[in-house]
Amino acid sequence: MHTSSPSIPAETARHVLWLFGHQGGYQPGTYHQKLLDLLAYAPPVELAKLAPAYPAEAEAVRMAKYDEDGIDKLKRAAGLVCIRCGDEDGPFAGAPRQPLCEPCAAPMPLDGVA
């Protein structure tokens, strides 16, 4: 039986990025910080046991710890990466749903010359 991964809200992604020391993350409140600490320190078997109660948080921590490109996925979920060119510098227009860096968000002239 295959189950799909839960969607990671932008705020959860930013909290997990902060927890793992990555740019663009920000510190959650005390409750969520302690919850994410618990998930981060939990061995894989225990993390799996906690996942039904906290699916997005557990998946975000699992991605950060075990996925080769998990941090990049979290940055995209947090709206910290341009969806067109992959730039991380920002600022972003349309974030967090459709984040585009300023050059990609600028309208292109009809003749293709800027």
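With values rounded to the nearest 0.5 angstrom, Glu59 atom CD is found 9.0 Å from Leu47 atom CG. To the nearest 0.5 Å, atom CZ of residue Arg76 and atom CD1 of residue Ile71 are 11.5 Å apart. The CG atom of Leu80 sits 6.5 Å away from the CG atom of Leu17 when rounded to the nearest 0.5 Å.
Of all heavy-atom pairs between Ala13 and Ala77, the closest is CB-CB, 4.0 Å. Asp67 and Arg62 get closest at one heavy-atom pair: OD1-NH1, 2.8 Å. Scanning both residues, Tyr66 and Pro44, for their nearest heavy atoms gives OH-CG, 3.4 Å.
Residues passing the side-chain contact (heavy atoms from CB on, under 4.5 Å) test with Pro55 are Pro6, sequence neighbours excluded. Every residue two or more places apart in sequence or in another chain that forms a side-chain contact (heavy atoms from CB on, under 4.5 Å) with Leu38 is listed here: Leu50. Glu11 meets the salt bridge (Lys or Arg N to Asp or Glu O under 4.0 Å) test with no other residue; sequence neighbours excluded. Residues forming a side-chain contact (heavy atoms from CB on, under 4.5 Å) with Lys49 (at least two apart in sequence, or on another chain): Val45, Glu46. With sequence neighbours excluded, the residues that form a salt bridge (Lys or Arg N to Asp or Glu O under 4.0 Å) with Lys75 are Glu88.
Distance alone, capped at 3.5 Å, is enough to place a donor-acceptor pair between the Lys65 side chain and the Ala40 backbone.
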Pairs of donor and acceptor atoms involving the side chains of residues 20-37, under 3.5 Å and at least two apart or interchain, shall be tabulated with distances.
from  : atom 1 : to    : atom 2 : distance (Å)
Gln27 : NE2    : Gln33 : OE1    : 2.8
Tyr31 : OH     : Tyr54 : OH     : 3.2

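Put simply, the side chain of Leu39 does not reach to within 4.5 Å of the side chain of Val16, judged on heavy atoms. Two residues are said to be in side-chain contact when any heavy atoms from C-beta on lie closer than 4.5 Å; Asp69 and Met63 fail this criterion.
Other residues, nucleotides and ligands contribute at most 12 non-hydrogen atoms within 6.0 Å of the OH atom of Tyr41.
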